[in-house]
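Report on the following structure.
Residues take their numbers from the sequence shown, with the count starting at 1. Keep in mind that what you see is a predicted model, and the values were worked out from it rather than measured. For ligands, and for the atoms within them, numbers begin at 1 and follow the listed sequence.
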Amino acid sequence: MKNKKVIVAKFGGTSLACAENIRLVAEIIKSDPARNIIIVSAPGKRTRADIKVTDLLLGKHIELVMERFRDITDELGVDVDLAFDYENRLPDYVGSRGEYLMAKIMAAYLGFKFVEIGSGVRFETNTVIPGFYVVDKNGVVKTLGRGGSDVSGAIVADKVNADVYENWTDVDGIFDRDPNRHADAMLHEKLTYDEAREIINRGARVLHPRTLQFVEPKNIPIHIKNTFNPTGKGTIIG
Ligand code: ADP
Ligand code: ASP
Ligand code: MG
């Protein structure tokens, strides 16, 4: 897998919140053939007042989850079995179904293979991987904590020796302060791992705090990019 350029690309919840956004994501993926190992979050908020699919699942609002996914599959015209068992299941399992179904849908839409992070798994090109959880050797689902899809992407980037780990989100990159709260926040175009760690540890939820530890040993750069402004420079860490 190492003679060709390998991009691992993770897309966050807002980027996958509805069919319209998912189409934008597919365009981004198709615009670079090297961008072919994809990690997805569960659909996030479509509006400020909306509820993330992960929160609906943890609140056991299964009907609302089904409605959201049905809207997405109908609009995209993909045929994916949305049924899953939620009774007598542990919260980690139920909470992980947003990423599970999103990855199934994305794989069907792109014509890629669906693969989960688990022991002995090999990640190939043209793969969609659900973020947020791993499957242990007994087949038990364990979630990685809220915002954990960033960590999933970093785990995969390490495993495949990616040239770059792209983290596609809903802002132009890492700013000195939350750009959604401070209109005058300034974008950092380049950060060292240490500088990024400091900003993240100060509470910027743009990257999960455990993301860097998986890419730093091999010096894999993280490129934060905005799904809604793909030509923007973004932030390069490393
Ligand atoms: P995703 O669903 O793509 O993982 P998140 O909501 O987890 O996205 O993270 C992106 C959000 O992080 C932005 O919408 C922004 O409001 C927030 N944020 C907080 N601090 C910062 C910062 N310093 N730079 C960029 N974004 C920040
Ligand atoms: N969907 C999960 C969450 O809302 C994980 C993620 O989006 O990174 O926390
Ligand atoms: Mg996040």
Considering only non-hydrogen protein atoms, determine which one is nearest to [atom] and report residue, atom name and distance to 0.1 Å.
atom: atom 24 (N) of ligand 1; value: Phe175 N, 3.0 Å
atom: atom 3 (O) of ligand 1; value: Thr169 OG1, 2.7 Å
atom: atom 7 (O) of ligand 1; value: Arg205 O, 3.6 Å
atom: atom 2 (O) of ligand 1; value: Gly13 N, 3.0 Å
atom: atom 15 (C) of ligand 1; value: Asp178 OD1, 3.3 Å
atom: atom 4 (O) of ligand 1; value: Lys10 NZ, 3.1 Å
atom: atom 14 (O) of ligand 1; value: Asp170 OD1, 2.8 Å

So what's ligand 2 close to, N/O to N/O, under 3.5 Å?
from	atom 1	to	atom 2	distance (Å)
ligand 2	1 (N)	Thr54	OG1	2.7
ligand 2	1 (N)	Glu99	OE2	2.6
ligand 2	4 (O)	Arg146	NH2	2.9
ligand 2	7 (O)	Ser41	OG	3.2
ligand 2	8 (O)	Gly147	O	3.4
ligand 2	8 (O)	Gly148	N	3.4
ligand 2	8 (O)	Ser149	N	3.0
ligand 2	8 (O)	Ser149	OG	3.1
ligand 2	9 (O)	Arg146	NE	2.7
ligand 2	9 (O)	Gly147	N	2.8

Check your understanding: Does His208 reach ligand 1, in the sense of a heavy atom lying below 4.0 Å from it?
Key ->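 Flag not set, His208 not near ligand 1.
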Practice item. Check if Ser41 has a non-hydrogen atom at a distance under 4.0 Å from any atom of ligand 1. Key: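 False for this residue.
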[X], portion touching ligand 1 at heavy-atom distance under 4.0 Å:
X: Arg177; answer: backbone
X: Lys52; answer: neither
X: Pro179; answer: side chain

Within ligand 1, which atoms have a heavy atom of [X] less than 4.0 Å away?
X: Val171; result: 13 (C), 14 (O), 25 (C), 26 (N)
X: Ala204; result: 20 (N), 21 (C), 22 (C), 23 (N)
X: Asn180; result: 13 (C), 14 (O), 15 (C), 16 (O)
X: Gly173; result: 24 (N), 25 (C)

**Study point:** Joint cluster assignment, Ile37 & Trp168, ILVMFWY side-chain distance < 4.5 Å
**Key:**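 Cluster IDs for Ile37 and Trp168 differ.
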I'd like to know if [X] pairs up with [Y] as an ion pair, taking the criterion as any Lys NZ or Arg NE/NH1/NH2 lying under 4.0 Å from an Asp or Glu carboxylate oxygen.
X: Lys45; Y: Asp55; value: no
X: Arg197; Y: Glu216; value: yes
X: Lys113; Y: Glu124; value: yes

Practice item. Would you verify whether the NZ or CZ of Arg97 falls within 45 degrees of the ring axis of Tyr93 while also being under 6.0 Å from that six-membered ring's centre? Key: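 Yes, cation above the ring, under 6.0 Å and within 45°.
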Check your understanding: In this structure, are over 12 heavy atoms from other groups packed under 6.0 Å from Leu76 atom CG?
Key ->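 Above 12, so yes.
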Hydrophobic side-chain clustering at under 4.5 Å (ILVMFWY, transitive links): who's grouped with [X]? Put none if nobody.
X: Met186; result: none
X: Phe228; result: Leu24
X: Ile7; result: Val164

Exercise for review: Could you tell me the separation between the OG atom of Ser15 and the CD1 atom of Ile22, rounded to the nearest 0.5 Å?
Suggested key: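 These two atoms lie 10.0 Å from each other.
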Point to revise | Pairwise distance CG(Leu191) to OG1(Thr235) - rounded to 0.5 angstrom | key: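 Leu191 atom CG to Thr235 atom OG1 measures 6.0 Å (nearest 0.5 Å).
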Exercise for review: Consider only side-chain N and O atoms of Lys225 and Asn167, and report whether a donor and an acceptor are under 3.5 Å apart.
Suggested key: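 No.
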Point to revise | Donor on one side chain, acceptor on other, Thr14 and Asp170, under 3.5 Å | key: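 A donor-acceptor contact under 3.5 Å links the two side chains.
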Exercise for review: Report the relative orientation of the aromatic rings in Phe114 and Tyr100; use parallel for angles under 30°, tilted for 30 to 60°, perpendicular for over 60°.
Suggested key: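 Because their plane-to-plane angle is over 60°, the rings of Phe114 and Tyr100 count as perpendicular.
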Check your understanding: Considering distance alone, does some N or O of Ile174 sit under 3.5 Å from an N or O of ligand 1?
Key ->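 N/O-N/O distance under 3.5 Å: no.
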